[in-house]
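So the structure is just underneath, and the comments pick up after that.
From a predicted model like this one, the values you see are computed outputs, not experimental measurements. The figures that follow rest on heavy atoms only: side chains count, while hydrogens, waters and symmetry mates do not. All residue numbers refer to positions in the sequence shown, counting from 1.
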Amino acid sequence: MSAQLRAAGAFAPLARRITLRAVRQYHPLPTGGLQRADGAARTIRPSMRFTANAYHNAVIVRNASFARLLPKLVVKFARIPALFGGLMIGGVAWIQYQAIQVSNSAQELYGNVKTTLTATASDLWGSAVDIAGQTKRGWQNTKDKVEIPEWLDKIMKGEGEAGNGNGGSGGPGGPEPPKQSKTGVAAGVSASAAAYGYDQAADNDERTPEEISKDDHMMYITKMMIEIRNLLQKVGQSSSVTLPSIVVIGSQSSGKSSVLEAIVGHEFLPKGTNMITRRPIELTLVNDPDARVDYGEFPDLGLNRITDFSLIQKNLTELNQSVPDTECVSDDPIRLIIHSPKVPDLSLIDLPGYIQVAGENQPRELKRKISELCDKYIRGPNIILAISAADVDLANSTALQASRRVDPRGERTIGVITKMDLVDAEKGAAILSDKQYPLRLGYVGVISKLPSQGLFKRDTGNLLAVISRNEKAFFSSHPSQFGPEAKVNIGTVTLRKKLMQVLEQQMSSRLQATTDAIQRELEETTYQFKVQYNEEPMTAEAYLAESLDNFKHLFHKFASSFGRPQMQDLLKSALDQRVLDQLAARYWNKPIEDLYAAPNEPDSIADLPKADPKSHYWHMQLDTASSALTRLGVGRLATTVVSAAVQSNVDKLIDKSSFAKHPSVRQVISEAAATVLEDRAYTTSDGIEFSLKPYKYEVDIQPQEWNQGREHVAGVLKGELDQCQAAMKNLENVVGGKKKLKEVMGFVDRARKGDIAVEGESRNGAGGFSAALLARGREAVFLRDRADIINMRMLAVKSRQCKSLENKYYCPEVFLDAVATKLTQTAVLFLNVEMLNDFYARFPREVEAKLGEQMGGAGIERFAREDPRIRRHLDLIRRKELLELVLSKIETLNRLDTHNDTKLDGGYKKRLRRSLF
């Protein structure tokens, strides 16, 4: 076989694999139009190829007839040009559409890139200037401290030959002043241009310098008045002490949200259906020239500087959805503050949209609830921004109907007509100049809906520029209806400026009345402060410091009164119970479990006084009890008892202090005590066990210790006897009297002696007594016998036999009590050093540290306000300070007006003075 044939045979499978891969890649092909048709043709062609050994399958017919084949071929060949022609026309149309979209998107992209580059260049220039200034100051400081050679000083001062040329001189008077850069000129643009939106809009700022000065002055006045209004909102209570806001109302789908977003310049309001806005949104726009980026704040939630407006939208959606569907609306407002150098200073309130019919899953009274909520906000002196769609007759506008109820003369209402591009220009102009529903503040027509999305993703960061460009394109195409001669208000930029002007005028018109009301409120508040608190100052920090000092004083008193004697009494009392447990387990009677005859006990406690002195049984009983007492874990018991006592006393100290009214601080102090005690508990317990180790093998009791134990144990036994008698008395009350209890006890005694044979105690009892009554009888017999034994042992302890230490096996109570006393004294020494002294030193510092952690931020204020008395005191002081601050700001505003009177023309001065007073 030749090399060519071998090569053909080798590459044939590879060709087949490549062909199959090409066919599989046809379906996900991303292109369309002519490219898709061409790709389909290419994928079909390989399927018509014959293999090398398939020639014998070719059709060989000599007498073939073309009568049926030729017409079909003609029709198919006729369709091919039509197919290509249609594909060509569709492709050209698609390319033209995409070219238009690319042109629009490119124009918008150019504007965004230009804005970004300008801001970046400005930031870089400012940073370079700062670095140069810092370098210059650093060099000046270095030069003052370091002696510079004369030749270097001449060069730096420009006295050398290289610096004496005239090329850079502007004349004999000195160097030529530097030219002003375009960046500096741009930085000098008036603040009102950015606030009104001229720098973002398609319209040029055609204001004269005088008008710019007026607008800047008005914007500053508005900013100050909004600050005063926000302060007055904190004062609250009196309706006369307030300034107006702009309340936005309108029916659902009237474009209300789009208007607000156009004013702000960002998409941030909740979107969707089924009653999205359920709570009032109190929106405050703050013109902040120093802000590098726009950001929002939720002051009530503690969320500050949110630069991502999609997160603001998400928070608003969640806060609105927190209102249950059964209520749908709530009057609890959401407060949002937006800072930006591109927004005017405005105070807006967005309300739920009016509806005509409640939905299936909505309450029937929803329409009434929305109307009542809106009526609450649109009352005077607030300004009403009534949103109506252009494609809805004004006679059917729910917003205008609501405004007419509270503002029949239209003095506080601004009409905003949205969707102006959905009606004819003639009709739109007629709506804006409407005389049938006249408003003193007039109508403004806007197209606040964003244009359709182009080839690239729409940039919503420059929302006002996009909307303004869209509005200009529409209104400029109808000059006769919306031109300067038509004298109608159009555009979002115009709406922005009008809102600022109206808000400033309305606020100024009420300023004098508000000032008088504030003065009256201040006089009343000052009088209350003097009468109720004798003008005593109070702050949250001072209250916390005073409370902490008081608690520390109580703690020091406790520390001086709680020491070794108190710990010894506590631990000895706990060990006394362990001594009684050992006596009960090894010497005293046991509880009665059944009614069978009691077996005879060869070694009874009653026979102990007459027992053999060398009795192995009684010696083993005492040694076992003593060993159990010393090995029961005195260290763990001692630390537990003392820690519990200290913790209990700390809780009592809190109850006596002013911290008792503060649950959170109470928990902090209690946790601080527990932390310090637990930190030393294990070390102290191990140390006590180590110090008690010798006593676990043998306890050496001195005669004096024996005598003290003899006196003390008598009291312990007396206490146990009293408890037995109290339990017996309680059983008499439960059973139904002493007589009834004696009958049951008699039956139990006879059964225990064997006088009565009880086959088995069933659920129904025995001997005519119920099972429950028999259980009470057995318990009473046990308590009676225990009391008899204790009385007998009390006599034995006081007898002559127990007077001597040598008779310790006859007096186990005295010996075990002496051992407990010895254990207590040793453990207390270690407790005092290792635990108590350490606690007294560390606890005050631990309390201060934990309170410092909890009181961060607004924690001190919350702590102080938990006390009702302190809260009223602080509220009165805060109210007085706020009123004084408002009056000082109003006085500043008046001085500003007087200062600017000399710079403004007479007409504007009269208008401003009339608005202010």
- Is there a donor-acceptor pair under 3.5 Å between the side chain of S403 and the backbone N or O of L400? yes
- Message: Quick check: closest heavy atoms across S468 and V493, and the distance to 0.1 Å?
- Response: OG-CG2, 4.3 Å
- Query: Would a distance-only check, ignoring hydrogens and angles, find a side-chain to backbone donor-acceptor pair under 3.5 Å from S477 to F474?
  - Reply: yes
- Note on the structure: Here the gap from I249 atom CD1 to C374 atom SG, rounded to the nearest 0.5 Å, amounts to 6.5 Å
- Message: Quick check: do F298 and L319 have side-chain heavy atoms less than 4.5 Å from each other?
- Response: yes
- Got more than 12 heavy atoms from elsewhere within 6.0 Å of CZ, R440? no
- Message: Between I414 and I384, is the side chain to side chain contact (heavy atoms under 4.5 Å, CB included) condition met? List the steps.
- Response: CA-CA 6 Å; I414 302 175; I384 304 171; over 6 Å; no
- Item | side chain to side chain contact (heavy atoms under 4.5 Å, CB included) between V259 and V248, worked out | CA-CA 10 Å; V259 171; V248 185; over 6 Å; no
- Query: So, D391 and K419, do they make that salt bridge, N to O below 4.0 Å?
  - Reply: no
- Query: Under 4.5 Å between any side-chain heavy atoms of V329 and R279, yes or no?
  - Reply: no
- Test side chain to side chain donor-acceptor pair (under 3.5 Å), reference S397, set S251, S254, S388, output is S388
- How long is the span from the CG atom in L495 to the NZ atom in K497, to the nearest 0.5 Å? 13.0 Å
- Message: So, taking the atom named CD in Q401 and the one named OG in S371, what distance separates them when rounded to the nearest 0.5 Å?
- Response: 10.0 Å
- Task: Measure the spacing between CG of L351 and CD of E282 and express it to the nearest 0.5 Å.
- Result: 9.5 Å
- Task: For residues V323 and C328, report the shortest heavy-atom separation together with the two atoms involved.
- Result: CG1-C, 3.8 Å
- Message: Donor-acceptor pair, distance only, cut-off 3.5 Å: does the side chain of D407 make one with the backbone of R412?
- Response: yes
- Item | Value rounded to 0.5 Å, distance of CG in L260 from CD1 in I246 | 10.0 Å
- Message: Counting C-beta onward and ignoring hydrogens, is there a side-chain heavy-atom pair between L269 and L316 closer than 4.5 Å?
- Response: yes
- Which heavy atom of D308 sits nearest a heavy atom of S310, and at what distance? OD1-OG, 2.6 Å
- Query: Does the pair K376/E372 count as a salt bridge with the N-to-O cut at 4.0 Å?
  - Reply: no
- Query: Backbone N or O of T492 within a donor-acceptor pair of the E471 side chain at under 3.5 Å?
  - Reply: yes
- Verify the distance criterion only: is there a donor paired with an acceptor across the side chains of E261 and S448 at less than 3.5 Å? no
- Message: On a heavy-atom basis, which atom in L499 and which in I263 lie closest, and how many Å separate them?
- Response: CD1-CD1, 3.6 Å
- Item | Shortest non-hydrogen contact from Y354 toward A399 | CE1-CA, 4.4 Å
- Which of parallel (below 30°), tilted (30 to 60°) and perpendicular (above 60°) describes F309 and F268? perpendicular
- Item | V446 and I417: CA distance, side-chain angles, deciding distance, side chain to side chain contact (heavy atoms under 4.5 Å, CB included) verdict | CA-CA 6 Å; V446 297; I417 309 300; over 6 Å; no
- Message: For the residue pair Q481 / E426, report whether a side-chain donor-acceptor contact shorter than 3.5 Å exists.
- Response: yes
- Ion pair present between K342 and D294, side-chain N to carboxylate O less than 4.0 angstrom? no
- Item | Gap separating the CG atom of L883 from the CG atom of L887, nearest 0.5 angstrom | 7.0 Å
- Message: For the backbone of L441 and the side chain of K498, can you confirm whether one donor and one acceptor N or O come within less than 3.5 Å of each other?
- Response: yes
- Message: Within the structure provided, determine whether T284 and I338 are in side-chain contact (heavy-atom separation under 4.5 Å).
- Response: no
- Which heavy-atom pair separates I387 from G255 by the least distance, and what is that distance? CG2-C, 4.2 Å
- Item | Side chains of T494 and N489, donor plus acceptor under 3.5 Å | no
- Message: In the structure I gave you, are the side-chain heavy atoms of L464 and R496 within less than 4.5 Å of one another anywhere?
- Response: yes
- Query: Looking at residues at least two apart in the chain, or sitting in another chain, which of them share a side chain to side chain contact (heavy atoms under 4.5 Å, CB included) with S245?
  - Reply: R229, S347, I349, N382
- Message: A side-chain contact here means heavy atoms from C-beta on lying under 4.5 Å apart; do S340 and L285 qualify?
- Response: no
- Go through the steps to decide whether E297 and L303 satisfy the test side chain to side chain contact (heavy atoms under 4.5 Å, CB included), and finish with yes or no. CA-CA 6 Å; E297 296 177 336; L303 300 177; over 6 Å; no
- Query: Do V247 and L385 come close enough that some side-chain heavy atom pair is under 4.5 Å?
  - Reply: no
- Message: For H339, is there any backbone N or O sitting under 3.5 Å from a side-chain donor or acceptor partner on D288?
- Response: no
- Message: According to side chain to side chain contact (heavy atoms under 4.5 Å, CB included), who are the partners of R862, at least two apart in sequence or on a separate chain?
- Response: A858
- Query: Does one side chain, of S330 or D332, offer a donor that lies under 3.5 Å from an acceptor on the other?
  - Reply: no
- Message: If we check side chain to side chain contact (heavy atoms under 4.5 Å, CB included) with P280, which of these qualifies: D350, I334, L373?
- Response: L373
- Message: Are Y437 and I431 packed together at the side-chain level, in the sense that at least one heavy-atom pair is separated by less than 4.5 angstrom?
- Response: no
- How would you list, by chain and number, every residue that makes a ring-ring contact (aromatic ring centres under 6.0 Å, His included) with F475, sequence neighbours excluded? F482
